[in-house]
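Numbered from 1 within each chain, the chains take letters A, B, ... in sequence-line order.
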Amino acid sequence: MITLQELAAHLEGVAVGNLHLKISGVSEIQRGKKGTITFLSNAKYRGFLNTTKASAVLVNDVSVLEDKSGIVVENPQLAIARTLKLFNTEPSHLAGIHSTAVIHKTASIGKDVSIGAHAVVEAGVSIRDNSIVGAQCFIGENSVLGTSSVLFPNVSIYHNSILGNRVRIHSGTVIGCDGYGFVTDKDIHHKIPQTGTVTIEDDVEIGANCAIDRATIGTTMIGAGTKLDNLVHIAHNVRIGKGCLITAQVAIAGSAEIGNFCTFAGQSGVAPHVKIGDRAVFAAKSGVTKSLPGGKIYAGMPAREIREQNRRDAVYTDVEKLKRRLKILEDKPA
Amino acid sequence: MITLQELAAHLEGVAVGNLHLKISGVSEIQRGKKGTITFLSNAKYRGFLNTTKASAVLVNDVSVLEDKSGIVVENPQLAIARTLKLFNTEPSHLAGIHSTAVIHKTASIGKDVSIGAHAVVEAGVSIRDNSIVGAQCFIGENSVLGTSSVLFPNVSIYHNSILGNRVRIHSGTVIGCDGYGFVTDKDIHHKIPQTGTVTIEDDVEIGANCAIDRATIGTTMIGAGTKLDNLVHIAHNVRIGKGCLITAQVAIAGSAEIGNFCTFAGQSGVAPHVKIGDRAVFAAKSGVTKSLPGGKIYAGMPAREIREQNRRDAVYTDVEKLKRRLKILEDKPA
Amino acid sequence: MITLQELAAHLEGVAVGNLHLKISGVSEIQRGKKGTITFLSNAKYRGFLNTTKASAVLVNDVSVLEDKSGIVVENPQLAIARTLKLFNTEPSHLAGIHSTAVIHKTASIGKDVSIGAHAVVEAGVSIRDNSIVGAQCFIGENSVLGTSSVLFPNVSIYHNSILGNRVRIHSGTVIGCDGYGFVTDKDIHHKIPQTGTVTIEDDVEIGANCAIDRATIGTTMIGAGTKLDNLVHIAHNVRIGKGCLITAQVAIAGSAEIGNFCTFAGQSGVAPHVKIGDRAVFAAKSGVTKSLPGGKIYAGMPAREIREQNRRDAVYTDVEKLKRRLKILEDKPA
């Protein structure tokens, strides 16, 4: 428990109303709970401000508070992220290796590492200080997990993968599986051995049930600070820049190169061997079929600049207008 | 083995032909096997009725049987579901905890529970009577699994998840992984802790390799009787009503609210924060970009009522007609 | 290490330049490394030929080598596949069963089989000679794994599944989970028991986190030599022919029949109960809504022959032309 005033100080904001209010947690504005603080960051939810049962609200404009208690901050979403950190419920992990974990004697385990039940750590693996390997995880030969990283239960890391510091990988995700490489000769698909690896830089988070292929040769690369949602496919030899946001069910095909700070909305896809510039944004379900410059918003299949895509979507209305204009001409007496 | 007459009694139908025929199982109509019963529920397969080697057929119209043996029932699909239950091949599980399972001493395990090899059940977990936890499953701290539920092998349930009665979850599925919540400040994506949970009501079935995110605050909710296919993504704070059908590779983005008895065909998607009314139906690959009323069929990206979508798809034909009409006018002598 | 001349002999090609050059591995042309051989199979990368640091290049046309060392072969991609096999880095597995694996006493284990840590092999399972079962894999009752097959860690195989010889299945993939079969009666979705099985023929490779449903009755079938990428969904009773290429995030709905040597690009989908002829090719994101003949290329949603799809995509340009022609008519003095 913390008072409104103490929380405001922590958030570098200004408390308004009952400064001694005890805050026991955070609740959603539309399902607000007494004793908690809520927040208003999406204008869609403003209607709930008058009826919420939450005792205080994080806002960036004092006037919307009316007679409610609250905290005024520059960025309410950032403030709520910090507040949630105070009330975080993620289980803590005592350092130590569970007796059922199978750790090869040549594996190097850092200080204060936690390895869960039934995990398997193969020869030559290195797990650096303060990292957590969840129950039933698999880490293949010679892979490296940096410091303060977390593998949730049931993650599979193939051999020779390199994972950085403060990396978080959710359950079911597979890192370093074979790229889809075959060469077809007389109707036989011959396997191209996938001898490369995967490199995941610092501060990357990867959701559940993703698949990140190892490179054929060289490395598949996920740049620092990039965040992947669930069920994402990253093919072999893909190179993703820093700070990208890649949401659920996106697929990036082989050898594509994605710049820094790009955003991919849900179910979008990228063709093999294309190159995308920095800060490109792709709408949901868009399909990138060729290289595209950065700094623009794209949509559709094939993905085009959104203004062009919108004009194309308007073709139906255009045709209705054309029909009427044509009718007038046709009806003119000769 | 059961006779045609006994099976008809069980199905509350009427046996026709050789009532003493022994039925040893069920086969597909196009690959019918002697001694088995087959069924005709999809008109596409009617052509196989004359050639099938199955000894009897479940139908809802006695006239299609001609001289074949069979059972006439109101709903052949429902009858075949009941018949298959008689011949079910799913392995039975003896109650008991495998010696290699790791169960925390504070976990509460009900009567006649089965826990498979190498499963991990953490502190404070509650598993109610008659439930089956498959081999290699993980159940995180303080989660609850109701009565008569089944987790197939390799399911991962994060902490604090609430699963109801008669829930079935297939292998590889992850429940309660972090929602995709980040707030970006000066090109750094700060993590918004995901402190909420997941609630899965009674009689929900979830396919393989799905990912159901925990809420940021509050709970992600899957309503009673809803059925999910494989590789489905449900984001944080999504609320899905009762009795929905959500097929393979569907993605529902954060905080979307789905009514009761909605149907989502394969690879469809829903944008964040939208609200869908009861009994809405979405065609394969449709993309819901805004809130839509229930009771209607939608298709396309962005999803529109199917009649409007079909008119739009017809624009190509319209344009061909316009070209011809324009040519006539152009060719007119001045 | 091998000399250029020795490698050329192995590849049945012709060495050019420094025949005694020692080759230590393979590198990418754009990130070539001294002492390695690279290859030129995609014309997009020809620009790198002059600047690559690789010491030799595999080509199919001697003239592009200029003064570089290299090997001339008919099919550089096939040659590179063979070369990579020489330098393969996949960990070898000693035959033997890890002490933590739980193997039922009625399971039949062939010669030189390797079973990893924490794997579970149930009653009546048969694993044939030289196969590798990765750590933490699950193989359910009475399933069969042929000779020289590989299950990577964390694969789940349900009961009664039949897998052939030289099959490779990557981590997280689930074989034999229930098909999505429900029959709805008064808003209740009654489960149709999924009593059939899955058959995977010889030389099939399946990527990570795929889901292949068991049949309701009969079998789901993946034909010999077919290759699946990651996150693919194959529904119950689907029958896929021989030598198909099915890339990432493809979904094939229930009872669809796919011919031999078909290709599905990323995120494409197939509706239930349709039939596809041999050697059909589907572009990325296409959606097959009806049966289609083989030997053609299809694109779009609904999938149409690509020429027709392209004409339809051109409708926007057509409409712009129509507007101009109509304006001329309208502007004509009466």
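Using a 4.5 Å cut-off between heavy atoms, B:H118 contacts chain A through both its backbone and its side chain. Looking at B:A253, there are no atoms closer than 4.5 Å to chain A (heavy atoms on both sides), in backbone or side chain. Neither the backbone nor the side chain of A:R82 comes within contact range of chain B; no heavy atom of the residue lies under 4.5 Å from a heavy atom of that chain. Heavy atoms closer than 4.5 Å to chain B are found in the backbone of A:S27, but not in its side chain. In this structure, no portion of B:N142 lies under 4.5 Å from any heavy atom of chain A. When heavy atoms are compared at a cutoff of 4.5 Å, B:D187 approaches chain A by way of both its backbone and its side chain. With a 4.5 angstrom heavy-atom cutoff, A:R279 touches chain B only via side-chain atoms. Heavy-atom distances place the side chain of A:N75, and not its backbone, under 4.5 Å from chain B. Proximity to chain B is limited to the side chain of A:K44, based on heavy atoms less than 4.5 angstrom apart. Proximity to chain A (any heavy atom under 4.5 Å) is shown, for B:K321, by neither the backbone nor the side chain. For chain A, no part of B:V288 is nearby; none of its heavy atoms comes within less than 4.5 Å. At a 4.5 Å heavy-atom cutoff, the contact between A:K285 and chain B is made by side-chain atoms alone. For B:L231, the parts sitting under 4.5 Å from any heavy atom of chain A are the backbone and the side chain alike. Only the backbone of B:S268 comes within contact range of chain A, judged by heavy atoms closer than 4.5 Å. With a 4.5 Å cut-off on non-hydrogen atoms, B:A271 does not touch chain A at all. Of the two parts of A:I29, neither the backbone nor the side chain holds a non-hydrogen atom closer than 4.5 Å to a non-hydrogen atom of chain B. Heavy atoms of A:Q267 lying under 4.5 Å from chain B belong exclusively to its side chain.
Remark: A:K327 does not engage A:E330 in a salt bridge, criterion side-chain N to carboxylate O under 4.0 Å. A salt bridge links B:R312 to B:E308: at least one charged side-chain nitrogen sits closer than 4.0 Å to a carboxylate oxygen.
For A:D278 (side chain) and A:G294 (main-chain N/O), no donor-acceptor pair under 3.5 Å exists by modelled atom type. Listed for the B:T197 side chain is no donor-acceptor partner under 3.5 Å among the backbone atoms of B:G176.
The choice from A:K242, A:M301, A:Q136 that makes the most heavy-atom pairs within less than 4.5 Å of chain B is A:Q136. The greatest number of non-hydrogen atom pairs below 4.5 Å with chain B, out of A:K33, A:R31, A:K227, is found for A:K227. Each of B:T216, B:V120, B:V315 has some count of heavy-atom pairs under 4.5 Å with chain A, and the biggest count is that of B:V120. Across A:K85, A:E90, A:E205, A:H98, the residue that shares the most heavy-atom pairs under 4.5 angstrom with chain B is A:E205. Note: A:L78 leads A:L78, A:T226, A:T36, A:N88 in heavy-atom pairs under 4.5 Å with chain B. Most heavy-atom pairs under 4.5 Å with chain A: of the set B:N160, B:I188, B:D318, B:I328, this distinction falls to B:D318. If you tally non-hydrogen atom pairs under 4.5 Å between each of B:T100, B:V319, B:V174 and chain A, the highest count goes to B:V174. Per-residue counts of heavy-atom pairs under 4.5 Å with chain A were compared for B:K191, B:E141, B:E122; the largest is that of B:K191. With chain B as partner, the option from A:L322, A:L245, A:N260 having the largest number of non-hydrogen pairs under 4.5 angstrom is A:L245.
One distance of note links CD1 of A:I2 with CZ of A:F87; it measures 6.0 Å at 0.5 Å rounding.
Under the 4.5 Å side-chain criterion, counting only non-hydrogen atoms from C-beta, B:N209 is not in contact with B:N230. Counting only heavy atoms from C-beta outward, the side chains of B:V133 and B:I115 approach each other to under 4.5 Å. Side-chain atoms of B:T219 and B:I162, non-hydrogen and from C-beta on, never get closer than 4.5 Å to each other. Between B:D178 and B:R214 there is a side-chain heavy-atom pair separated by less than 4.5 Å. Between A:Y45 and B:S255 there is a side-chain heavy-atom pair separated by less than 4.5 Å. For the pair B:L228/B:T173, no side-chain contact is recorded, criterion being any heavy-atom separation below 4.5 Å from C-beta on.
B:N237 and A:E28 are linked by a side-chain donor-acceptor pair at a separation below 3.5 angstrom, with hydrogens and angles left out of the test. Remark: the A:Q77 side chain and the B:H190 side chain contain no N/O donor-acceptor pair separated by less than 3.5 Å.
Using the six-membered ring where Trp is involved, B:F282 and B:Y298 have ring planes that are parallel, under 30° apart on the 30 and 60° scheme. Taking the six-membered ring where the residue is Trp, A:F261 and B:H189 present perpendicular rings, their angle passing 60° and hence far from 30°.
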